[in-house]
Structures are given as structure tokens and as C-alpha cells.
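Accompanying notes for the structure given below.
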Amino acid sequence: MRRHHFGRMRRGLFIGRFQPFHLGHLEAVRYILNRESECVIGIGSAQYSHTFDNPFTAGERIETIQITLKHAGVDISRCYIIPIPDIGEHRLWVSRVISFCPNFQTVYSNNSLVKILFAEAGYSVEPVPFYNRGLLMGTEIRRLMAQRGEWRSRLHPEAAKYLDSIQCEDRLASIMQNDF
């Protein structure tokens, strides 16, 4: 399943839903770029939006990630941001990810299923150190958005401004009202 590795260029894959891309994700990208030449940021569940678990579109997530990386001083030329739709079959999912992404050698994830599936496919899988995990969890950030709480400090300020511009709090509040 693994593709050929040409030259010394090494890429790590960091896959997540990034709902939203917060400061913990930023630190993970920095960690990966300290170990790899480039980082492929795979936006999982790319086809979903406007639900509590996945409130933002793939395009909104791409913008949030690019804004964060740019304003945090990360060399964006070393990053690829790739939307990856889910297919609902775990056995086929790794092939799907590979077909959407440029070649990569190492997968960085703390998700048990992601680790198992890529290890079974022959990839090196490394954990990513958690950064301020108590505060930086997507579920909690989305809850705070819905309740108009203090979520902005958990994202890069420019990313928070962007999410404000698309009325993220109104969207999450409306979604939560409809879901509960």
C-alpha cells in the first residue's frame, strides 16, 4: 500500500477534523515540521458541516488553518491542506486518504483507530504531544461557541476573527438548539 519515497523529502500526515483548528493543532503542526520536511494536513470528514460535531465546511476549515499558520509564522510552503471525505468503511479508508494526499512517510495521530489502520497498512505512526489538552479540545470549544463563552483565547486571534466573521457563535447556538 505504501508509495515510493524519492529523495530526502519527508512528509508527515496530520489528519483530523479541525472543528475548529485550535492552538493545540498549531503546536502539533510545529512539532511535525520540526521532524519532517513537510506536513500534509488532512481535513477529515470533509463533506460534513452544520452539525455540532462538524459545524464548519471544509472550505472554512481550510481558511482557518491557513490564517492560523500564516499569522503564527509557520512556513506555509511546507504545508499541504487536503480535504478528505469519509467513506464509512474503515478497511478502505486508508486507501482513500492515500489517493487524496501527496506522498507521506509518517502518520502523526493520537486517534486509536487512525493509528491501527495506518500501522496495518505499513506506515510509521507517531503520537503527537498534547498541548494544553485541558483547554484545547474541539468539543469544548464548540460548546463555548454555542454558549457565547470564552473560546477565542483557544485559537489564534486571527482565526478567531475569521470565525467571528462567519458568525460561528450564531451557527453553533442554532445547531445546538435544533439538536437538543
Quiz item: Which value, rounded to the nearest 0.5 Å, describes the distance between Gln19 atom CD and Thr139 atom OG1?
Solution: 10.5 Å
Quiz item: Looking only at heavy atoms, which two atoms of Met145 and Pro20 are closest? And how far apart?
Solution: CE-CG, 4.0 Å
Practice problem: Using salt bridge (Lys or Arg N to Asp or Glu O under 4.0 Å) as the criterion, list what pairs up with Arg142, not counting sequence neighbours. | Solution: Asp53
Quiz prompt | For Phe21, the option from Ile62, Leu155, Ile43, Leu26 that meets side chain to side chain contact (heavy atoms under 4.5 Å, CB included) | solution = Leu26
Quiz item: Who are the side chain to side chain donor-acceptor pair (under 3.5 Å) partners of Tyr31, not counting sequence neighbours?
Solution: Arg35
Quiz prompt | Sequence-distant partners of Arg171, salt bridge (Lys or Arg N to Asp or Glu O under 4.0 Å), two or more places apart | solution = Glu60
Quiz item: So, Glu150 side chain and Arg152 main chain: donor-acceptor pair closer than 3.5 Å or not?
Solution: yes
Quiz item: Looking at CG of Leu13 and CZ of Phe118, how far apart are the two atoms once the value is rounded to the nearest 0.5 Å?
Solution: 5.5 Å
Quiz item: Taking a hydrophobic cluster as the set of Ile, Leu, Val, Met, Phe, Trp and Tyr residues connected by side-chain heavy atoms closer than 4.5 Å, whether directly or through intermediates, do Phe52 and Leu163 fall within one such cluster?
Solution: yes
Quiz item: Under the side chain to side chain contact (heavy atoms under 4.5 Å, CB included) criterion, do Thr64 and Phe56 qualify, and how do the steps go?
Solution: CA-CA 10 Å; Thr64 305; Phe56 306 112; over 6 Å; no
Self-check item: Check: Arg154 side chain, Met137 main-chain N or O, donor-acceptor pair, under 3.5 Å
Solution: no
Quiz prompt | Residues forming a salt bridge (Lys or Arg N to Asp or Glu O under 4.0 Å) with Lys161, sequence neighbours excluded | solution = Glu158
Quiz prompt | Heavy-atom side-chain proximity of Leu69 to Ile41 below 4.5 angstrom | solution = yes
For residues 78-86, run the donor-acceptor check on the side chains, cut-off 3.5 Å, and write out each pair with its distance to 0.1 Å, sequence neighbours left out.
{"unit_1": "Arg78", "atom_1": "NE", "unit_2": "Ser37", "atom_2": "O", "d": "2.8"}
{"unit_1": "Arg78", "atom_1": "NH2", "unit_2": "Leu33", "atom_2": "O", "d": "2.7"}
{"unit_1": "Arg78", "atom_1": "NH2", "unit_2": "Glu36", "atom_2": "O", "d": "2.8"}
{"unit_1": "Arg78", "atom_1": "NH2", "unit_2": "Ser37", "atom_2": "O", "d": "3.3"}
{"unit_1": "Tyr80", "atom_1": "OH", "unit_2": "Arg11", "atom_2": "NH2", "d": "3.2"}
{"unit_1": "Tyr80", "atom_1": "OH", "unit_2": "Glu38", "atom_2": "OE1", "d": "3.3"}
{"unit_1": "Asp86", "atom_1": "OD1", "unit_2": "Ser45", "atom_2": "N", "d": "3.4"}
{"unit_1": "Asp86", "atom_1": "OD2", "unit_2": "Ser45", "atom_2": "OG", "d": "2.6"}

Quiz item: Using the benzene-type ring in the case of Trp, are the ring centres of Phe18 and Phe14 under 6.0 Å apart?
Solution: yes
Exercise. For Asp170, enumerate each residue passing the salt bridge (Lys or Arg N to Asp or Glu O under 4.0 Å) test, keeping only those at least two apart in sequence or located in another chain.
Key: Arg148
Self-check item: Ion pair check, Glu120 and Arg91, cut-off under 4.0 Å
Solution: yes
